[in-house]
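Along the sequence shown, residues are numbered consecutively beginning with 1. Computed from heavy atoms alone, side chains included, the values below leave out hydrogens, waters and symmetry copies. Just so you know, these numbers come straight off a predicted model, no measurement behind them.
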Amino acid sequence: MNKPWFAVRKELSSRRRTFLAVMSFVLPLLVWSLFSYVPFIWHPQVEIIEAGEVDYFRTGMLVDRAVFEQEKEAMRAEGRELPTGTRTNPVYLPAPHQVATALYTAFTTEPQRRNEKWLHESLADSIQVIFWGFFLSSLIGVPLGILAGTYVAVSRLTEPFVEFFRYLPAPAFGALAVAILGIHDAPKIAIIFIGTFFQQVLVVANTTRKLDPALLEAAMTLGARNAGLLFKVVIPGIASDLYRDMRILLGWAWTYLIVAEMIGASSGITWFITQQARYKNFDNVFAAILIIGIIGLTTDLILAWLGRRLFPWQRTARA
């Protein structure tokens, strides 16, 4: 007898999990394709094929359907040559095949303008910013979070201020970061640091508090104290949960990237997106956004795979 698809907290078979994972990408792509390729669903504009005798129409020009029909009726009433065109979407919504082409050509075609960079160069700049921002945040935030979750005195000393500061929007420090650190990568790294550090301390502290008290009591009964208790019981006890937290927090760092790169942006993926949008190359804009998602998802899958090998005793429902 086949098990139901929707059962409360019941695990699905491997085949069903794979099928649903694939469909989670297929369904949005299907909706996008319907809006792109089926004219009667949306397509609010018309791309001019032949201008006819309409003075301001040009081949390839996009106009609203109402305007096109109005001009067409005016030409018909005057007995003049009618314009022709095909229904299309606005320039800011390219079709999937156009984005796929742009994604390929962005890596293989040299930029047309001097001040533009290759997509892979922009990605390399952004990945470097992400790495240093998250690394510095973790270097301080993880130890502080573990100490706050282990010792009440450290928690009372640090968490009230951290709780206050985490509500302050990281972009608000943009001007200050530029004034102190200059206009290159340092203020971008600072914004990612601010955006992740304070959340990181609280998340790690909360994870540390979830450690089974029985483990601490047993260790202290056997004579473990202070540093020994911390390094031999607390840290090993939360290692797998801490690893999961870091995967989630890394995703937060990516969400702050666009905001961070708005500060004195002259490099990075945000600079690429801004430049392409300025020249209405929205297929390149979509391609850049997709590649961010692809890199983020690929990184998370790699970390999930690595986590299953580092902590094989942890049974997880999702990678």
Under 3.5 Å, which donor-acceptor pairs do the side chains of residues 135-145 form with other protein atoms, sequence neighbours left out?
from	atom 1	to	atom 2	distance (Å)
S137	OG	T196	OG1	3.1
S137	OG	F197	N	3.3
S137	OG	Q200	OE1	2.8
S138	OG	F134	O	2.9
S138	OG	Q200	NE2	3.0

Steps toward side chain to side chain donor-acceptor pair (under 3.5 Å) verdict (D64, Q45): CA-CA 4 Å; D64 291 339; Q45 294 187 325; 3.3 Å; yes
D283 vs T101 side-chain heavy atoms within contact, under 4.5 Å: no
Nearest-0.5 Å distance, CG of residue L301 to CG of residue L306: 12.5 Å
Rounded distance (nearest 0.5 Å) linking atom CD1 of I273 with atom CG of N284: 10.5 Å
Which atom of A95 lies closest to which atom of S36, heavy atoms considered: CA-OG, 3.6 Å
N-O pairing of E11 and R17 below 4.0 Å: yes
Approximate separation, where rounding is to 0.5 Å, of E121 CD and F272 CZ: 10.5 Å
T105 side chain vs A102 backbone, donor-acceptor pair below 3.5 Å: yes
CA sep, side-chain torsions, deciding dist, call: L29, F25, side chain to side chain contact (heavy atoms under 4.5 Å, CB included): CA-CA 6 Å; L29 180 60; F25 288 92; over 6 Å; no
Side-chain donor or acceptor of R244 paired with backbone N/O of S240 under 3.5 Å: no
Sub-4.5 Å side-chain heavy-atom contact between T208 and L147: no
T84 (side chain) donor-acceptor with E50 (main chain) under 3.5 angstrom: yes
Side chain to side chain donor-acceptor pair (under 3.5 Å) between S155 and R209, worked out: CA-CA 11 Å; S155 173; R209 292 191 188 99; 3.0 Å; yes
Spatial distance of atom CD (Q199) from atom CD1 (I194) [nearest 0.5 Å]: 12.5 Å
Shared hydrophobic cluster, L297 / I302 (ILVMFWY, side-chain heavy atoms < 4.5 Å): no
Hphob cluster co-occupancy, F161 + L202, side-chain heavy atoms under 4.5 angstrom: yes
Apart from I48 itself, residues in the same hydrophobic cluster as defined by side-chain heavy atoms under 4.5 Å: V46, V54, Y56, F57, M61, V63, V67, F68, M75, L82
Side chain to side chain contact (heavy atoms under 4.5 Å, CB included) evaluation trace for I248 with W252: CA-CA 7 Å; I248 296 172; W252 288 6; 4.2 Å; yes
Option passing side-chain contact (heavy atoms from CB on, under 4.5 Å) with I269 (candidates D125, I295, T274, L119): L119
From CH2 (W305) to CZ (R309), nearest 0.5 Å: 5.0 Å
SB check D241 K210 (cutoff 4.0 Å): no
Trace of the side chain to side chain contact (heavy atoms under 4.5 Å, CB included) decision for L93 with F286: CA-CA 9 Å; L93 185 61; F286 273 72; 4.3 Å; yes
Salt-bridge criterion met for E69 and K72 (N-O under 4.0 Å): no
Hydrophobic cluster identity match, V22 and L20, side-chain contacts under 4.5 Å: yes
Parallel, tilted or perpendicular: rings of W42 and Y92 (30°, 60°): tilted
Side chain R80, main chain A77, donor-acceptor under 3.5 Å: no
Hphob cluster co-occupancy, L181 + L176, side-chain heavy atoms under 4.5 angstrom: yes
Donor-acceptor contact below 3.5 Å, side chain N89 vs main chain F35: yes
E53 (side chain) donor-acceptor with E81 (main chain) under 3.5 angstrom: yes
Donor-acceptor under 3.5 Å (S24 side chain, A21 main chain): yes
F282 to P94 - nearest heavy-atom pair and separation: O-CG, 3.9 Å
I49 side chain reached by T86 side chain, heavy atoms, under 4.5 Å: yes
Flag if over 12 foreign heavy atoms under 6.0 Å of CH2, W32: yes
Over 12 foreign heavy atoms within 6.0 Å of OH, Y37: yes
N/O donor-acceptor pair under 3.5 Å between R166 side chain and F198 backbone: no
Side-chain donor/acceptor of Y243 to backbone N/O of L303, under 3.5 Å: yes
Aromatic plane relationship, F165 with F173 - under 30° parallel, 30 to 60° tilted, over 60° perpendicular: parallel
Under 3.5 Å: donor-acceptor pair, side chain of S126, backbone of S122: yes
Presence of salt bridge, R156 and E159, under 4.0 angstrom: no
Same apolar cluster: F164 and V162, side chain cutoff 4.5 Å: yes
Sub-4.5 Å side-chain heavy-atom contact between I146 and L242: yes
Side chain to side chain contact (heavy atoms under 4.5 Å, CB included) between I292 and I289, intermediate numbers included: CA-CA 5 Å; I292 292 174; I289 293 172; 5.5 Å; no
Heavy-atom neighbours of F131 CZ exceed 12 at 6.0 Å: yes
Euclidean distance, T221 OG1 relative to L216 CG, rounded to 0.5 Å: 10.5 Å
